[in-house]
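A short worksheet on the structure shown next.
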Amino acid sequence: MRWSKTFIPTLKEDPADAEVVSHKLLVRAGFIRQLSRGIYDYLPLSLKVIRKIEAIVREEMDRAGAQELLLPIACPAELWQESGRWLVYGKELIRFKDRHERDFCLGPTHEEVITDLVRRIVRSYRELPLNLYQIQTKFRDEVRPRFGLMRGREFIMKDAYSFHVDVEDCRREYENMFQTYKRIFSRCGLQFRAVEADTGAIGGSRSHEFQVLAESGEDAIVSCNKCEYAANVQKAEIKARRPAGRDLNENSPKREKVSTPGKKSVAEVAEYLKLPAEKFIKTLVYRTDKNELVAALVRGDHEINEVKLQAALGCGEVALAGEAEVEAATQVSPGFLGPIGLTLRTVADLSIQGMRGAVAGANEPNAHYIEVDQERDFTPGAFADLRLAVAGDSCPRCDEGFLESYRGIEVGQVFYLGKKYSEPLGATYLDTEGRERPIEMGCYGIGISRLVAAAIEQNNDSNGIIWPFSIAPFHVLLLPINYRDQALQEAADRIYQQLQKRGVEVLLDDRDERPGVKFKDADLIGIPLRLTVGVKGLEKERVELRWRRDGKTDEIPLGDAAQTIHSIITQSLQA
RNA sequence: CGGGGCGUAGCGCAGCCUGGUAGCGCACACGCUUGGGGUGCGUGUGGUCACCGGUUCAAAUCCGGUCGCCCCGACCA
């Protein structure tokens with residue numbers, strides 16, 4: 001394509017409303033423009049990238065035996081009421097009424113729709129297994145859209161759903177998809193990790209996320225430095241370890257109440273009493289979805305993991321109780337809460353078990369206890385793994401490893417759903433003995449538009465984007481220093497035609513711009529190869545080939561240029 | 001949902017505190033110049049100062065409201 005005829009509105013300055021590098025560069029390099037909060041126009045360059053990613057996804061999904069279809073984006077409320085998610089999905093599900101006052105929503109995901117389709121058609125085990133996928137726009141009215149394409153409200157997603165006669169076959173497909181995802185992200189040229197994950201709003205019993213490693217990622221993940229274990233911190237298990245505290249006996253220091261005027265947070269009290277945070281017992285009060293107030297105990301230097309808390313309590317959503325609620329229930333402000341004498345139902349993190357000489361709130365204003373011994377002074381209702389994993393924790397799987405932490409951008413997730421949707425929606429089949437049984441399901445998503453942002457987060461420098469070959473909008477940028485110069489123009493046009501004849505995706509910068517402007521724009525939009533045609537080179541019958549990633553430059557003979565580039569691209573795409 | 005910030009030309013910003021009828025850089029148009037990393041000079045186009053209401057002789061500026069956008073928090077006890 002010719003640059004002069006392509007819609008590439010580049011900017012000299014960073015847009016004021018962008019924060020992360022992928023957002024800035026996508027806007028500056030003319031890939032996207034914002035229409036509304038979390039909603040973007042995809043300009044020609046970004047659409048090319050999206051089409052590249054989609055092509056890789058289609059190839060690998062089809063190769064894995066899945067079939068593409070396309071489901072509606074508008075969905076009647078009845079289906080969501082049937083699955084129960086109309087009530088539980090919350091405000092993220094954007095709802096509207098049609099002219100007949102019927103409730104609808106825009107699909108944030110399509111388990112209901114696909115399960116409905118399958119239940120109306122599939123009757124026999126002979127029709128299974130099935131793996132159906134689509135690539136389509138989704139809408140989730142996010143609490144806080146941000147970072148450009150990283151967390152939009154409207155976004156492009158590949159979602160696949162598989163249907164099976166039994167657990168075994170469904171597990172086989174889960175593994176099949178897991179391997180397929182590895183191939184997809186590798187082919188996109190990304191550094192990523194597959195990690196164990198929580199199932200969140202989708203539900204199900206087993207899940208892995210595919211995380212593109214990037215400092216700006218919204219997710220914290222941990223992985224073992226010795227074995228293969230890796231997990232989202234929301235999911236990461238903690239290896240229980242009884243603290244090596246003193247034995248309980250009559251010589252143990254007695255629990256003592258100390259004054260801690262106005263010192264509420266662990267940090268404040270620790271500073272005031274000159275004791276380390278790990279000696280503290282933090283008492284957090286949560287309100288459950290059953291409207292019960294419960295107290296959760298974690299060590300002062302740990303952070304609670306609400307997903308684990310939900311599991312330990314056997315309830316749905318939990319939310320930290322407000323200060324007023326806490327005072328109404330306990331007669332003390334949250335800063336001075338402690339487990340001793342607390343009337344609420346209490347669960348404690350495993351690290352609390354057997355704590356000695358600990359510090360905890362005294363359940364009265366401006367006072368804490370010191371020298372608290374867990375068994376002697378209080379016994380929580382239950383112990384459970386409640387805290388977030390942190391770097392340095394022992395690996396829960398192997399004996400010698402320790403956890404390291406990273407940040408990641410979640411670009412894909414696979415779920416083992418089981419009967420979560422097939423049962424409520426009545427998606428069943430008849431087995432070989434004529435018995436009706438619920439279908440076993442899995443689902444598998446890839447955030448296509450987010451992948452574009454993730455690729456840039458991982459591949460950029462101070463001058464702009466550096467596209468991996470496989471998803472670059474063009475393979476080579478042909479840059480005549482001065483397109484008004486007849487000799488240069490003729491040479492550039494000739495190479496352009498030769499490249500096109502060989503099927504090379506080439507962008508010719510035929511604009512009447514200064515060389516500096518063209519170079520800056522070239523770096524900004526990040527095409528992997530740049531072929532510069534200049535006067536001095538032309539005199540020697542040579543052109544300059546430069547790699548965007550490392551700036552490596554070669555002078556190559558003019559006559560061989562197209563052939564050389566063609567073979568470089570062929571090799572790069574195979575790698 | 002809570003807190004903070006912003007909204008002035010296509011983009012990035014100043015002006016607002018101390019009210020007097022709008023400015024800078026880039027971009028854009030034209031001319032000359034220049035031609036291997038955002039060339040230089042000149043001339044010019046472009047703004048209901050987000051919107052609604054109020055105060056005032058006079059409002060981009062002060063006051064009230066609305067809308068939009070960005071950031072932080074929602075894991076503090």
Side-chain angles (χ1 to χ4, degrees), chain A residues 9-20 23-24 27-28 30 33-39 90-91 143-148 220 233-234 260 262-270 277 280-286 295-298 300-309 317-327 330 332-339 342 349 359-363 365-366 368 386-388 390 463-464 479-485 488 509 511-524 530 532-538 543-544 546 551 553 555:
Chain A
T10 60
L11 262 25
K12 282 191 177 175
E13 288 168 285
D14 281 335
D17 55 5
E19 187 74 7
V20 297
H23 188 189
K24 287 178 183 172
V27 175
R28 264 193 72 195
R33 284 297 165 90
Q34 178 167 323
L35 175 62
S36 177
R37 203 178 140 102
I39 301 177
K91 287 192 178 165
V143 189
R144 193 166 158 217
R146 59 186 142 174
F147 303 153
V233 290
Q234 294 292 336
T260 50
K263 310 293 180 193
K264 306 181 88 172
S265 70
V266 168
E268 285 167 356
V269 183
F280 283 67
I281 296 170
K282 257 199 304 207
T283 305
L284 300 105
V285 176
Y286 278 87
L297 309 180
V298 294
D301 58 329
H302 290 154
E303 281 188 35
I304 194 157
N305 179 336
E306 293 182 355
V307 174
K308 290 180 177 177
L309 179 62
E317 284 294 294
V318 295
L320 211 53
E323 194 154 340
E325 287 184 280
V326 173
E327 286 188 33
T330 64
V332 66
S333 101
F336 304 100
L337 280 176
L342 193 66
D349 182 63
V359 183
N363 291 324
N366 302 317
H368 281 75
L386 292 183
R387 73 173 173 94
L388 283 178
V390 292
N463 293 315
L479 194 154
I481 286 299
N482 180 355
Y483 198 67
R484 283 198 327 205
D485 180 298
L488 289 184
D509 192 348
R511 296 176 299 170
D512 181 16
E513 288 287 354
R514 307 261 319 173
V517 172
K518 292 186 175 190
F519 288 141
K520 287 289 182 192
D521 274 346
D523 286 349
L524 185 59
R530 186 182 87 192
T532 310
V533 184
V535 188
K536 281 169 259 168
L538 209 56
V543 287
E544 178 194 280
R546 181 186 164 96
T553 304
E555 296 237 311

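The model shown is predicted, which means the values in this text are computed figures rather than measured ones. Reckoned from all heavy atoms, side chains included, excluding hydrogens, waters and symmetry mates.
If you take CD of A/E13 and C1' of B/A27, they are 10 Å apart, rounded to a whole angstrom. Rounded to whole angstrom, the span from the CD atom of A/E303 across to the P atom of B/G73 amounts to 12 Å. Atoms CG (A/N363) and C1' (B/A77) sit 12 Å apart, rounded to a whole Å. The separation between A/F336 atom CZ and B/A77 atom P is 13 Å, rounded to whole Å. Separating the CG atom of A/N482 from the P atom of B/U33 is a distance of 14 Å, rounded to the nearest angstrom. Nucleotide B/C75 holds its P atom 6 Å from the OH atom of A/Y286, rounded to whole Å. Rounded to a whole Å, the CZ atom of A/R146 is 11 Å from the C1' atom of B/A74. Atom-to-atom, CG of A/D17 to P of B/C72 comes out at 13 Å; the value is rounded to the nearest Å.
With rounding to the nearest 0.5 angstrom, the OG1 atom of A/T260 is 5.0 Å from the CZ atom of A/F336. To the nearest 0.5 Å, atom CG of residue A/D301 and atom CZ of residue A/R387 are 8.0 Å apart. Expressed to the nearest 0.5 Å, how far CZ of A/R511 lies from OH of A/Y483 amounts to 13.0 Å.
Scanning for salt bridge (charged side-chain N to carboxylate O under 4.0 Å, His left out) contacts around A/E544 gives A/R530, with sequence neighbours left out. Every residue was checked against the side-chain hydrogen bond (donor to acceptor under 3.5 Å, both in side chains) condition with A/T553, not counting sequence neighbours, and none meets it. Residues satisfying the side-chain hydrogen bond (donor to acceptor under 3.5 Å, both in side chains) criterion with A/Q34, sequence neighbours excluded, are A/Y40. Qualifying salt bridge (charged side-chain N to carboxylate O under 4.0 Å, His left out) partners for A/K308, counting only residues two or more places apart in sequence or in other chains: A/D385. Remark: A/R146 pairs with A/E218 by the salt bridge (charged side-chain N to carboxylate O under 4.0 Å, His left out) rule, at least two apart or across chains. With sequence neighbours excluded, no residue forms a salt bridge (charged side-chain N to carboxylate O under 4.0 Å, His left out) with A/R546. When the ring-ring contact (aromatic ring centres under 6.0 Å, His included) test is applied to A/Y286, no partner is found at least two apart in sequence or on another chain.
When Watson-Crick and G-U wobble pairs are counted only if both distances are under 3.5 Å, B/C6 pairs with B/G68. B/A59 makes up no base pair with any nucleotide shown, lacking Watson-Crick or G-U wobble contacts both under 3.5 Å. In this structure, B/A29 forms a base pair with B/U43, meeting either the Watson-Crick or the G-U wobble geometry with both donor-acceptor distances under 3.5 Å. The pairing partner recorded for B/C1 is B/G73, the criterion being a Watson-Crick or G-U wobble arrangement whose two distances lie under 3.5 angstrom. When Watson-Crick and G-U wobble pairs are counted only if both distances are under 3.5 Å, B/A22 pairs with no nucleotide at all.
Across the interface with RNA chain B, nearest-nucleotide mapping of A/T283 and A/R530 shows A/R530 to be the residue nearer the 5′ end. Between A/D14 and A/I304, the residue anchored closer to the 5' end of RNA chain B is A/D14, taking for each the nucleotide with the nearest heavy atom.
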Between protein and nucleotides 5-7 of chain B, what N or O pairs are separated by less than 3.5 Å?
none

Produce the list of close N/O pairs, under 3.5 Å, pairing protein atoms with atoms of nucleotides 38-40 of chain B; give distances to one decimal.
from	atom 1	to	atom 2	distance (Å)
B/G38	O6	A/R28	NH2	3.1
B/U39	O4'	A/R514	NH2	3.4

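Phosphate proximity of B/C75 to A/Q234: absent, as no side-chain N or O sits under 4.0 Å from OP1 or OP2.
Here the separation of B/A60 from B/A9, taken at their C1' atoms, is 14 Å to the nearest Å. Nucleotides B/U34 and B/U39, compared at atom P, are 15 Å apart to the nearest Å. Of the C1' atoms belonging to B/C67 and B/A27, the separation is 29 Å, rounded to the nearest Å. Taking atom C1' in both B/G15 and B/G4, the straight-line distance is 23 Å, to the nearest Å. Taking the P atom of each, B/A29 and B/U21 are spaced 33 Å apart, rounded to whole Å. Taking atom P in both B/G44 and B/C24, the straight-line distance is 12 Å, to the nearest Å. Between B/C69 and B/C28, the distance separating the two P atoms is 29 Å to the nearest Å. Separating the C1' atom of B/C49 from that of B/U43 is a span of 27 Å, rounded to the nearest Å.
For A/D349 (side chain) and A/L386 (main-chain N/O), a donor-acceptor pair under 3.5 Å exists by modelled atom type. Between the A/K518 side chain and the A/P480 main chain, a donor and an acceptor come within less than 3.5 Å of each other.
A/A321 comes within 4.0 angstrom of a nucleotide base, judged by non-hydrogen atoms across all strands. Across all strands shown, A/V266 has heavy atoms under 4.0 Å from sugar-phosphate atoms exclusively, and none from any base. If you check every strand for non-hydrogen atoms under 4.0 Å, A/R144 touches a base. At the heavy-atom level, A/E544 lies under 4.0 Å from base atoms of the strands shown. At a threshold of 4.0 angstrom between heavy atoms, the contacts of A/N463 with the nucleic acid are absent. Using a 4.0 Å heavy-atom criterion, one finds that A/E327 contacts no nucleic acid atom at all.
Closest approach to the A/R37 side chain among B/C69, B/G36, B/A74 is made by B/C69 (side chain taken as heavy atoms from C-beta onward). Side-chain atoms of A/F147 lie closest to B/C72 of the nucleotides B/G36, B/C72, B/G37. In this structure, of B/C69, B/C72, B/G36, it is B/G36 that holds the atom nearest to the side chain of A/T532. Side-chain proximity of A/S36 to B/C28, B/C75, B/C69: nearest is B/C69.
The base of B/G37 sits within donor-acceptor range of the side chain of A/D523, with an N or O pair under 3.5 Å.
A/L388 places none of its side-chain heavy atoms less than 4.5 Å from the side chain of A/H302.
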